[in-house]
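For reference, the structure discussed in these notes is given below.
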Amino acid sequence: ISNAPCTASTDDVTITFNNNPTVSNAGPDQTGLCGVTSATLAANTPTIGTGAWSIVSGAGGAVTTPSSPTSAFTGTLGTTYVLRWTISNAPCTASTDDVTITFNNNPTAANAGLDQTGLCGVTSATLAANTPTVGTGAWSIVSGAGGSFALNTDPSTTFTGTIGTTYVLRWT
């Protein structure tokens with residue numbers, strides 16, 4: 001700004017056109033993990049900005065290397081976690097994407113009970129399988145025709161069959 005004969009007044013401004021960060025992709029959900037407590041994460045590698053993992057929900061989990069898109073993650077059996085992959089390039093708005101990791105408990109080991117081979121003149125038997133503490137149980141007929149269960153999800157249900165027939169039943 002000038003006003004002769006006075007010295008002009010000047011001031012500079014800096015303009016920076018920042019790149020937005022790479023669009024975040026946390027990778028596919030991992031919900032079919034059974035009997036394990038660790039998973040390898042599969043996020044994208046940023047070309048602009050830096051990435052960082054955070055735990056949004058789920059207790060007891062840890063990301064081994066939070067800045068690595070392919071870090072290991074450990075958690076607790078029976079717990080579902082939501083993890084967030086955030087790519088930042090300040091002062092621009094960060095890009096985020098979430099992934100769900102579920103560490104499922106293995107089902108209780110099935111035990112169908114003792115064989116019942118001494119049944120004479122009857123067409124029904126009470127079954128004696130174990131009650132699952134993890135998962136749900138169901139009876140099915142592996143071999144033998146004409147049989148049925150009173151309630152196939154009851155470990156101690158009644159099975160009715162045809163006299164003179166041998167059945168193999170499965171508790172799953």
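Along the sequence shown, residues are numbered consecutively beginning with 1. Excluded from the calculations below are hydrogen atoms, water molecules and symmetry mates; all remaining heavy atoms, backbone and side chain alike, are included.
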Strictly distance-based, threshold 3.5 Å: is any side-chain N or O of Thr86 a donor or acceptor partner for the main-chain N or O of Thr96?
no
Distance col, row Leu151:CG vs Phe159:CZ, nearest 0.5 angstrom, shows 14.5 Å
Enumerate donor-acceptor pairs with a distance under 3.5 Å from any side-chain N or O in residues 46-54 to protein atoms, sequence neighbours excluded.
| residue | atom | partner | partner atom | Å |
| --- | --- | --- | --- | --- |
| Thr47 | OG1 | Thr22 | OG1 | 3.0 |
| Trp53 | NE1 | Ser68 | O | 2.8 |

Any side-chain heavy atom of Ile101 within less than 4.5 Å of one from Leu83?
yes
Exercise answer: donor-acceptor pairs, residues 74-82 side-chain atoms, under 3.5 Å, sequence neighbours excluded:
| residue | atom | partner | partner atom | Å |
| --- | --- | --- | --- | --- |
| Thr79 | OG1 | Thr76 | O | 3.3 |
| Thr80 | OG1 | Thr102 | OG1 | 3.2 |
| Tyr81 | OH | Ala59 | O | 2.8 |
| Tyr81 | OH | Thr76 | N | 2.9 |

According to a hydrophobic-cluster definition based on side-chain heavy atoms being under 4.5 Å apart (Ile, Leu, Val, Met, Phe, Trp, Tyr only), do Val36 and Val99 belong together?
yes
Can any side-chain N or O of Asn18 pair as donor or acceptor with the backbone N or O of Asn89 at less than 3.5 Å?
no
Does Asp98 have any salt bridge (Lys or Arg N to Asp or Glu O under 4.0 Å) partners at least two apart in sequence or in another chain, and if so, which?
Arg84
For Ala62 and Ile55, which heavy atoms make the closest approach, and how far apart are they?
N-CD1, 4.1 Å
Heavy-atom nearest pair, Thr165 first then Gly144, reads CG2-CA, 4.2 Å
Please assess Leu41 against Thr70 for the test side-chain contact (heavy atoms from CB on, under 4.5 Å), listing each intermediate value before the final yes or no.
CA-CA 5 Å; Leu41 302 174; Thr70 57; 5.9 Å; no
Let's go through Val134 and Asn106 carefully: what are the C-alpha distance in whole Å and the side-chain angles of both, what is the deciding distance for side-chain contact (heavy atoms from CB on, under 4.5 Å) to 0.1 Å, and is it a yes or a no?
CA-CA 7 Å; Val134 176; Asn106 282 324; over 6 Å; no
Identify the two heavy atoms, one from Trp85 and one from Asn44, that lie closest to each other, and give their separation to 0.1 Å.
NE1-O, 3.1 Å
Looking at side-chain heavy atoms only, is the closest gap between Ser71 and Pro66 below 4.5 Å?
no
Calculate, to the nearest 0.5 Å, the distance between atoms OG and CD1 belonging to Ser95 and Ile87 respectively.
5.5 Å
Distance-only polar pair, side chains of Ser148 and Thr160, donor-acceptor under 3.5 Å:
no
Any side-chain to backbone donor/acceptor pair from Gln30 onto Phe103? Under 3.5 Å, distance only.
no
Ignoring hydrogens and angles, tell me if any N or O in the side chain of Asn25 forms a donor-acceptor pair with the backbone of Gly27 under 3.5 Å.
yes
For the student: nearest non-hydrogen atoms of Val142 and Arg170, plus distance
CG2-CB, 3.5 Å
Could you tell me the separation between the CG atom of Leu119 and the OG1 atom of Thr117, rounded to the nearest 0.5 Å?
7.5 Å
Search all heavy atoms of Ser88 against all heavy atoms of Ala94 and return the closest pair with its distance.
OG-CB, 3.7 Å
Nearest-0.5 Å distance that lies between atom CH2 in Trp171 and atom OG1 in Thr157
9.0 Å
